[in-house]
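Have a look at the structure below, then the notes.
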Amino acid sequence: MSDRPFWAQEDYPGGRPIRVEGGIRIHAPKGPVARTWWSGRFLSVLEQLGVGGRLSRGRTYARSGQVVSFEVDAGAAVALVQGTRPQPYRVRIGLRVWDKPEWRRVEEALAADAWYAAALLAGTVPTEIEELLGGLGMSLFPAVGNDLSQDCSCPDAMVPCKHLAAVFYLLAERCDTDPFTLLELRGRDRATLLGRLREERDRAAGTAGAAAPVALADRLADFWSAPAAAAVPPRPPETEPGAVLAQVPDPGLRAGGEPLTGALRPVYEVLADPDPGAGKPGNV
């Protein structure tokens, strides 16, 4: 029998975890989990906080699919991890959510340069974001103190236990594939953050009150309808038919011995008369 008290024992001594069918696992079968600089930075920060040295305890769990469920939301990543006992352990990794004034400063700083939003949408986190947030006295990654919390319902006294460590690996891989993960943990999901950045850019440009574009779905009913007929402009005032000829520079050409403009004047008079035969002898 182990000399350790029951509350300090991890699972059952010498027991193997119960296999999970269709469990969630990391995709890296071997080698480092982090494939991007921001995911690697996340794990290196955990190392500095004294967590990284014990992460390897959960690597097997993460690779063999012992995680039953895994969700990321504002302030926490929560999971169920199957150990040797029938009931999976409840795991929670918490990250402090930025308050409204903090998020306001972040959104204003990101909106000032549309390149940040474009980079995030392209699936990458620019390294400059660390410097930008640092200038605001903030950090995307966990900091010393109460910024990071770890909880697991297992009886192991070590923190992190292998169940927590397995979830850290899943979280690092999620950061690889979705750069909004850490921002979501800080309190802004993808849709909300991008919407706030658009609002900030509109406000800065003085167009916050401009009419919003109409979605195509709202125009399908009249999509094939003809536009409303424009008002017919009023008829211009009557002028001498040959007035335009008086404004044309003399081209220097002659017709029948007279200037071309003079030869054209009778033609303009005929074109201007809507009923050239009216009032003339012989017309009925």
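Just so you know, these numbers come straight off a predicted model, no measurement behind them.
Residues S149 and I93 form no side-chain contact, since every pair of their non-hydrogen atoms from C-beta on lies 4.5 Å or further apart. Put simply, the side chain of L148 does not reach to within 4.5 Å of the side chain of V45, judged on heavy atoms. Inter-residue side-chain proximity for L171 and V72 is flagged as met; some heavy-atom pair is nearer than 4.5 Å. The side-chain heavy atoms of R19 and E21, taken from C-beta on, include a pair separated by under 4.5 Å.
Across T84 and P17, no two heavy atoms sit closer than the pair CG2-N, 3.6 Å. Summarising the geometry of F70 relative to A77, their closest heavy-atom pair is CE1-CB, 4.1 Å, with the distance given to 0.1 Å. When all heavy atoms are compared, the tightest approach of L43 to A172 is CD2-CB, 3.9 Å. Y89 approaches S153 most closely through the heavy-atom pair CA-OG, 3.3 Å. Closest approach of P160 and F168 over heavy atoms only: CB-CE1, 4.3 Å. Heavy-atom minimum distance, V97 versus A74: CG2-C, 4.0 Å.
In this structure, R188 satisfies the cation-pi test against W103, with its NZ or CZ atom closer than 6.0 Å to the six-membered ring centre and inside 45 degrees of the ring normal.
One N or O on the side chain of E173 and one on the backbone of H27 form a donor-acceptor pair closer than 3.5 Å. Remark: the backbone N or O of Q82 is paired with a side-chain donor or acceptor of Q66 at under 3.5 angstrom. Side-chain N or O atoms of E102 include one that pairs as donor or acceptor with a backbone N or O of D99 at under 3.5 Å. Side-chain atoms of W98 do not come within 3.5 Å of backbone N or O of G187 as any donor-acceptor pair. Checking side-chain atoms of S39 against main-chain N and O of R35 turns up no donor-acceptor pair under 3.5 Å.
Hydrophobic clustering, with ILVMFWY side chains joined whenever heavy atoms are under 4.5 angstrom apart, groups Y116 together with V106. Hydrophobic clustering of Ile, Leu, Val, Met, Phe, Trp and Tyr side chains at less than 4.5 Å, counting indirect connections, unites W115 with L110. Grouping the Ile, Leu, Val, Met, Phe, Trp and Tyr side chains by contacts below 4.5 angstrom, directly or via other members, places V20 apart from V167. In the hydrophobic cluster analysis, where Ile, Leu, Val, Met, Phe, Trp and Tyr join through side-chain heavy atoms closer than 4.5 angstrom, I18 is grouped apart from V91. Clustering ILVMFWY residues whenever any of their side-chain heavy atoms sit less than 4.5 angstrom apart, transitively, puts I24 in a cluster other than the one holding L80.
In this structure, CD on E107 lies 10.5 Å from CG on L194, to the nearest 0.5 angstrom. Atom-to-atom distance recorded for R104:CZ and L136:CG is 13.0 Å, nearest 0.5 angstrom. Taken to the nearest 0.5 Å, the CG atom of L120 stands 8.5 Å off from the CZ atom of R190.
Taking 4.0 Å as the cut-off between side-chain N and carboxylate O, R203 and E200 count as a salt-bridged pair.
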- Message: Before you tell me yes or no, could you show the steps for V67 and R25 under side chain to side chain contact (heavy atoms under 4.5 Å, CB included), namely the whole-Å CA-CA distance, both residues' side-chain angles and the distance that decides it to 0.1 Å?
- Response: CA-CA 7 Å; V67 179; R25 66 183 72 199; over 6 Å; no
- Query: How far apart are the C-alpha atoms of Q150 and R92, what are their side-chain angles, what is the distance that settles it, and do they pass the side chain to side chain contact (heavy atoms under 4.5 Å, CB included) test?
  - Reply: CA-CA 6 Å; Q150 306 171 64; R92 181 184 184 277; over 6 Å; no
Distance-only criterion, 3.5 Å: show the donor-acceptor pairs between side-chain atoms of residues 177-186 and protein atoms not counting sequence neighbours.
{"from": "T177", "atom 1": "OG1", "to": "R174", "atom 2": "O", "distance (Å)": "3.2"}
{"from": "D178", "atom 1": "OD1", "to": "F180", "atom 2": "N", "distance (Å)": "3.0"}
{"from": "T181", "atom 1": "OG1", "to": "R174", "atom 2": "O", "distance (Å)": "3.4"}
{"from": "T181", "atom 1": "OG1", "to": "D178", "atom 2": "O", "distance (Å)": "2.9"}
{"from": "R186", "atom 1": "NE", "to": "L140", "atom 2": "O", "distance (Å)": "3.4"}
{"from": "R186", "atom 1": "NH1", "to": "R96", "atom 2": "O", "distance (Å)": "2.8"}
{"from": "R186", "atom 1": "NH1", "to": "D147", "atom 2": "OD1", "distance (Å)": "3.1"}
{"from": "R186", "atom 1": "NH2", "to": "S139", "atom 2": "O", "distance (Å)": "3.0"}
{"from": "R186", "atom 1": "NH2", "to": "F141", "atom 2": "O", "distance (Å)": "3.0"}
{"from": "R186", "atom 1": "NH2", "to": "D147", "atom 2": "OD2", "distance (Å)": "2.9"}

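Using cut-offs of 30° and 60° on the angle between ring planes, the pair Y61 and H163 is perpendicular.
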